[in-house]
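Just so you know, ligand 1 is whichever comes first in the structure, and atom 1 is the first atom listed for that ligand. Predicted model, so just to flag it, every value in this text is computed and none were measured.
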Amino acid sequence: MDSCDTPACQSARELFQDLEEYYDDDNLYFRTIGSVLEAADLLDLPHQIKLVVAQPKNEIMVHCPVRMDDGRWELFKGYRVQHNNVLGPYKGGIRYHPEVKLDEVKTLALLMTMKCALARLPYGGAKGALKIDPRAVSTSELERVTRRLTAALGNNIGPDYDIPAPDVGTNAQTMAWMTDTYINFAESSNKVTARGVVTGKPLEFGGSAGREKATGQGLVYVLETLLPGMGIELSEQSFSLIGYGNVGSWTARLLQAKGSRLKAVLDHTGAIINESGIDAEKLAKYVRENGGVAGFPDAQEASENTFYCTPVDLFIPAALEQMVDLEHAEKIQCKVLVEAANAPTTPRAEQLLLSKGVEVLPAILCNSGGVTVSYFEWKQNRQSETWDEELVDERLQKVMRRAAELVLKTSKELNCNMRIASYAAALKHINTVYAMRGIFP
Ligand code: NAD
């Protein structure tokens with residue numbers, strides 16, 4: 001990682017020195033909280049708000065023993081970080097990844113607090129993770145570990161308290177196992193509403209129409225709101241993607257439907273390029289069947305270097321954190337970097353991109369479509385309703401437009417970049433609610 005000398009890092013360093021707490025410039029959590037504190041400084045928010053958002057409320061760690069198919073027992077480490085709940089129940093995805101670390105989960109929980117506040121959803125922020133490679137275990141092992149994790153989390157999750165959802169390495173099936181396990185432990189009088197413990201469930205089991213594509217769909221609504229003001233027409237753009245999972249593949253298919261052209265993709269299996277366009281639908285089917293983009297017949301294989309050097313209008317990271325570093329930013333040639341993944345850009349890379357005239361649209365705005373439709377699912381579960389996709393899309397569009405316009409307005413008012421503006425718009429709301437609620441007792 002490149003070292004950090006931004007105002008954001010300076011704000012974080014000062015606060016954690018005051019607290020006499022551990023601080024590390026190169027740590028993703030401190031880098032992220034730094035940008036949030038920079039926004040708090042711009043708004044001149046009270047010191048106590050900075051203290052409250054700088055550290056999560058609860059950090060839960062569990063160890064789950066699971067019997068593997070060959071009879072061995074393995075121990076899996078799980079995390080749930082509950083960052084803040086001033087606006088409502090904790091909300092955030094569960095990630096399955098072999099290299100996940102507590103600080104990564106803390107970062108993602110903090111971003112969820114900011115995301116829900118920006119979208120004005122009645123939720124706080126949380127994130128969970130299990131240290132496992134989901135591709136390296138069988139389906140029955142995955143089911144047992146998921147049920148064991150849910151049992152270990154116990155009453156730390158619940159439809160009125162903390163509501164998980166899918167993230168990297170988890171999907172609707174994982175959510176169905178979690179929900180079923182939770183319902184088995186619920187009081188008989190609560191079994192109907194208990195399914196609201198998790199969102200991103202399969203449609204047939206309390207899921208919402210439009211949830212699977214929601215993050216990509218929300219991103220398209222953000223672009224439709226903001227690009228015309230930059231003189232960019234969505235219908236004529238070329239784009240490249242890092243990641244072709246849920247978010248990446250839906251973003252590609254929906255942008256293609258708007259007339260944009262997918263030029264290049266990089267995922268964990270390799271990179272592919274086709275200057276005259278990659279069919280996003282065909283690629284989605286290929287990735288479902290083959291596990292990654294490598295070997296896709298209608299494109300040329302490329303090196304990672306060629307991928308980053310390929311000129312496009314929109315560059316869209318939709319994989320893991322901090323993948324766009326300074327070295328990559330030097331190569332990237334685009335008009336707008338659209339953050340579909342959480343925290344995909346290092347602070348130094350962002351500084352360089354901005355100085356090259358690239359607009360950077362921040363993750364808490366661009367990918368908040370997922371949690372917004374999760375909110376719709378939770379609402380439908382509570383009211384025993386089923387909305388059709390048209391209604392979901394209409395309401396999603398409203399939320400995304402409002403959030404995008406708010407970020408643009410805030411960036412003009414505070415004369416700051418879009419990331420700091422998005423945090424400022426979120427923090428302003430959090431600060432207002434803290435001022436009304438006060439602190440117990
Ligand atoms: P996913 O598991 O469906 O896909 C992850 C993608 O990342 C895969 O295509 C994989 O190949 C790629 N990848 C992994 N390691 C890589 C590497 N080293 N180099 C290149 N590519 C690599 O996950 P997802 O749900 O699409 O999530 C992607 C991002 O979007 C994450 O940051 C996640 O937190 C964020 N996000 C997801 C949702 C959602 O609804 N799923 C909502 C908001 C934000």
Side-chain angles (χ1 to χ4, degrees), residues 28 32 91-100 104-105 107-112 114-116 118-119 121 125-129 132-135 164-175 198-201 207-208 210-219 222 240-253 264-272 283-284 286-288 290-294 296 302-304 307-308 316-325 328 338-345 362-377 396 400:
L28 176 61
T32 310
K91 182 89 189 82
I94 295 252
R95 170 173 295 196
Y96 284 5
H97 195 275
E99 276 141 41
V100 75
E104 178 186 331
V105 188
T107 306
L108 295 165
L110 160 69
L111 290 173
M112 283 306 295
M114 294 295 129
K115 203 178 291 184
C116 294
L118 174 64
L121 304 177
K127 201 80 179 190
I132 189 172
D133 181 353
R135 295 189 187 101
D167 190 74
V168 173
T170 54
N171 55 28
Q173 176 61 74
T174 329
M175 298 304 111
V198 160
T199 58
K201 298 182 290 293
S208 176
R211 173 61 185 89
E212 206 199 310
K213 63 163 188 169
T215 308
Q217 184 66 72
L219 182 142
V222 167
S240 59
L241 273 162
I242 311 179
Y244 213 76
N246 172 292
V247 178
S249 69
W250 275 109
T251 298
R253 282 175 275 177
V265 185
L266 168 73
D267 79 355
H268 71 287
T269 63
I272 54 167
L283 183 61
Y286 180 85
V287 169
R288 261 198 311 277
N290 297 277
V293 300
F296 182 63
S303 66
E304 204 177 299
F307 169 81
Y308 280 106
I316 312 177
L320 301 176
E321 295 76 33
Q322 305 287 280
M323 290 192 68
V324 179
D325 61 14
H328 296 144
V338 189
E339 291 190 340
N342 286 307
T345 318
I364 70 157
L365 171 64
C366 295
N367 70 25
S368 58
V371 69
T372 303
V373 176
S374 273
Y375 166 59
F376 297 160
E377 177 178 332
L396 175 64
M400 300 310 295

Among [options], which residue places a heavy atom closest to [atom]?
atom: atom 11 (O) of ligand 1; options: His268, Glu339, Glu321; result: His268
atom: atom 38 (C) of ligand 1; options: Thr215, Asn342, Leu241, Leu108; result: Thr215
atom: atom 26 (O) of ligand 1; options: Thr170, Ile242, Val247, Thr199; result: Val247
atom: atom 28 (C) of ligand 1; options: Ala318, Ala271, Ala343; result: Ala318

For [Y], is there any backbone N or O sitting under 3.5 Å from a side-chain donor or acceptor partner on [X]?
X: Asp133; Y: Pro98; answer: no
X: Glu212; Y: Asn246; answer: no
X: Asn367; Y: Glu339; answer: no
X: Gln217; Y: Gly369; answer: no
X: Tyr286; Y: Ala294; answer: yes
X: Thr170; Y: Ile94; answer: yes
X: His328; Y: Tyr308; answer: no

Looking at [atom], what's its closest protein heavy atom, distance included?
atom: atom 3 (O) of ligand 1; value: Asn246 N, 2.9 Å
atom: atom 4 (O) of ligand 1; value: Gly245 CA, 3.4 Å
atom: atom 9 (O) of ligand 1; value: Tyr244 N, 2.8 Å
atom: atom 15 (N) of ligand 1; value: Leu320 CD1, 3.6 Å
atom: atom 27 (O) of ligand 1; value: Val168 CG2, 3.6 Å
atom: atom 33 (C) of ligand 1; value: Asp167 OD1, 3.3 Å
atom: atom 18 (N) of ligand 1; value: Met323 CE, 4.0 Å
atom: atom 43 (C) of ligand 1; value: Asn367 O, 3.6 Å

Check whether any side-chain heavy atom of [X] sits under 4.5 Å from a side-chain heavy atom of [Y], and report yes or no.
X: Val338; Y: Thr251; answer: no
X: Tyr375; Y: Val371; answer: no
X: Lys91; Y: Leu121; answer: no

_Can a side-chain donor-acceptor contact be found between Asn171 and Thr174 if the only test is distance below 3.5 angstrom?_
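A donor-acceptor contact under 3.5 Å links the two side chains.
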
_Please determine whether a side-chain nitrogen of the Lys or Arg among Glu321 and Lys127 lies less than 4.0 Å from a carboxylate oxygen of the Asp or Glu._
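Looking at Glu321 and Lys127, the cut-off is not met.
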
What atoms in ligand 1 come closer than 4.0 Å to a heavy atom of [X]?
X: Arg95; answer: 31 (C), 32 (O), 33 (C), 34 (O)
X: Ala341; answer: 29 (C), 30 (O), 32 (O)
X: Gly169; answer: 2 (O)
X: Arg211; answer: 40 (O)
X: Ala319; answer: 7 (O), 12 (C), 13 (N), 21 (N), 22 (C), 28 (C), 29 (C), 31 (C), 32 (O)
X: Ala340; answer: 30 (O)

*asked:* Heavy-atom contact check, 4.0 Å cutoff: does Gly292 meet ligand 1?
replied: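 No, that is not the case, since the closest heavy atom of the residue is not under 4.0 Å from the ligand.
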
*For ligand 1, find out whether one of its N or O atoms is nearer than 3.5 Å to an N or O atom of Gly370.*
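Gly370 vs ligand 1: no N/O contact under 3.5 Å.
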
